[in-house]
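Here the structure is a predicted model, which is why all the values come from computation and not from measurement.
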Amino acid sequence: MSYEAWIILIGSMAGITCGITGCFLILRKLSMLADAISHTVLLGIVLAFLISQSMNGIYMLIGAAVVGLLTVVFVQLLHSSGVQEDASIGVVFTFLFAIGVILITLYAGDVHLDVDHALMGEIAFVPWDTVQIGFLPELPKAFLMLSAVLLIVLVIIFLFYKELKITSFDPAMAAAIGIPVLFIHYLLMGMVSLTTVASFDSVGAILVVAMLIAPGASAYLLTDKMSVMLILSGVFGVAAAIIGYYAAMLFNVSISGSMAAVNGILFALVFFFSPTKGYLFKKFALKKVKYGSEQ
Amino acid sequence: MMNPVVVKGLTVAYQEKPVLKDINFEVPEGKLIGIIGPNGAGKSTLIKAILGLIPKAAGQIQIYNKPYRAKDRVVGYVPQRGSVDWDFPTNALDVVLMGRYGHVGWFKRPGKKDEAFALECLRKVGMADFADRQISQLSGGQQQRVFLARALAQEAKVYFMDEPFVGVDAATERAIIDLLNELKEQGKTVLVVHHDLQTVKEYFDHVLLLNVEAIASGPTESTFTMENLHQTYGGKLAFLEKGQMIAEQK
Ligand SMILES: Nc1ncnc2c1ncn2[C@@H]1O[C@H](COP(=O)(O)OP(=O)(O)OP(=O)(O)O)[C@@H](O)[C@H]1O
Ligand SMILES: [Mg+2]
């Protein structure tokens, strides 16, 4: 496969995985948590490196997923003992992230694990970072990792669709009919952590946030059905990857940055032009009403 | 006869100070029961504690002689309307279908039968025409009816409803109370948090007067008295005078 095709494929897979996972964060008004997790996983990656003394993707994935979950657990603990939700997120986020940064500068300063790379990862190099596993041909690591996570995410959503839906909409009712709300919450957050980590390596932590939130936010403005929202968010994720790639070629800029920017632009377009919930449409409808009543 | 709800020595605290203190009451089967008390009396808290949504500091709760277990599916719940996000991307029928989730089981989706039943429940509350309507595009009263339909879809034996009459017009209130009476005739027990003292005697067979402690509980005739109201609402004078009028009127 050509270099170009790999970049677009990997970007699209990150887009789909992040997009559909992000939908649930948006529906639960937890967008900020995406921001937090995408930073605190840094600590998990550093710890995994320090403990295993290797750059093996699997250790990093586990380390990051564990710290991602811990972030959620800490936020939940603070919140349930009376701290406001956004404040809890802010405190846990900065604290764990700071520990990660300190550990990096103390112990891992001389390896490839630098903060810049972790935060601003660049998809441009991903196709060359390959491994060969079993009978498979030599494939980019990012592709394998994202395939695995995308599969996990799809299976979880398929199996727990109604539980994810009702715990997002009405957690009290869900608990009253015996659905383990907290379990589903942590399942979702585990999903978010995995998604973040897998995408992290190819596009960088900060850009993961764009991929997690923008596609879902766009999709939310276009539909009244959760299932459609999930599908649309995947479509937006892929569209941003493809358009972002060619835009980067055209303007000769960072591919990851370009993909993230296109996510933002797509959202802006939807925000203004959505036929039902768009800004312009609402203005227009208002005008029509005014005009109508003047007659 | 077995009482469907028995609460013994229930104490609940969010912080140090208990919001419910040593609550004891029982409700008989097949009756409409009003839960009455001022704002902050702990009415919603009582329901949530019974459903196991918040932990209790002390006491016992029995539903049909057993500790409440959600999977027994004997309890239906209508939360206060403000407790959910009505902008959630879903329609009325879908919300009612959620009432079936407890019956469906893990890894399965509600099927055609569940859907038909959900539609039937919507019809019962006069909302069949709105099945496909996005829930944010429903009026407050219509949203309340959707919640009610969802509770019907649960096919429970005991229902807890938190302020189902808030923000609905007189016609809707009438329709809801007719529906509750229908449930009662089917032998179901319905506990309703209610604020309008004027209609208590008309609507409910039993009442529970609540203000942190259980002030009184029993048949409306003998329990909904001026003296008990006085104790429940304490120094709130305006209320008292109104209560006096009502108590004497009936
Ligand atoms: N999550 C919470 N954390 C701390 N305190 C709470 C919480 N929820 C309720 N309370 C307090 O518990 C008390 C009882 O609240 P509850 O909601 O049960 O009252 P209520 O009788 O339902 O009132 P209303 O008529 O206004 O609905 C109030 O003093 C309230 O401030
Ligand atoms: Mg209440």
Point to revise | Proximity of A/Phe158 and B/Phe107 rings by center, below 6.0 Å | key: no
Review point. Which is it for B/Asp94 and A/Lys165 under the salt bridge (Lys or Arg N to Asp or Glu O under 4.0 Å) test, yes or no, and what are the steps along the way?
Key: CA-CA 10 Å; B/Asp94 234 21; A/Lys165 185 170 177 175; 2.4 Å; yes
Practice item. Report yes if some heavy atom in the side chain of B/Thr90 is under 4.5 Å from a heavy atom in the side chain of A/Lys225; otherwise report no. Key: no
Exercise for review: Quick one: which of A/Glu163, A/Met229, A/Lys162 has the most heavy-atom pairs under 4.5 Å with chain B, could you say?
Suggested key: A/Lys162
Exercise for review: Could you check if a side-chain atom of A/Val228 sits within less than 4.5 angstrom of a side-chain atom of B/Pro89, using non-hydrogen atoms only?
Suggested key: no
Review point. Does any pair with a residue in residues 6-20 of chain B pass salt bridge (charged side-chain N to carboxylate O under 4.0 Å, His left out), and if so which ones, sequence neighbours excluded?
Key: none
Check your understanding: Between A/Asp170 and B/Arg150, is there a side-chain N and carboxylate O pair less than 4.0 Å apart?
Key -> yes
Check your understanding: What heavy-atom pair brings B/Met98 and A/Ile177 nearest, and what distance separates the two atoms?
Key -> O-CD1, 4.0 Å
**Study point:** Which atoms of B/Leu97 approach chain A - backbone, side chain, both or neither, heavy atom under 4.5 Å
**Key:** neither
Review point. Just wondering, do B/Asp85 and A/Lys29 contact through their side chains at under 4.5 Å, heavy atoms?
Key: yes
**Study point:** Side chain, backbone, both or neither of A/Met173 within contact of chain B (heavy atoms, under 4.5 Å)
**Key:** both
Check your understanding: Under a 4.0 Å N-O cut-off, is there an ion pair linking B/Arg133 with A/Asp224?
Key -> no
Study note, to complete from the structure: Turns out that what part of A/Ser168 lies under 4.5 Å from chain B's heavy atoms comes down to both
Revision key, fill the gap. Under 4.5 Å to a heavy atom of chain B? For A/Phe169 that would be both
Study note, to complete from the structure: chain A shares the most heavy-atom pairs under 4.5 Å, among B/Phe160, B/Tyr101, B/Tyr14, B/Tyr77, with B/Tyr101
Review point. With respect to chain B, which residue among A/Pro171, A/Ala175, A/Ala172 yields the maximal number of heavy-atom pairs within a distance under 4.5 Å?
Key: A/Ala172
Point to revise | B/Gln15, part contacting chain A, at a heavy-atom distance under 4.5 Å | key: neither
Revision key, fill the gap. Bottom line for B/Val95: the part with an atom under 4.5 Å from chain A's heavy atoms is side chain
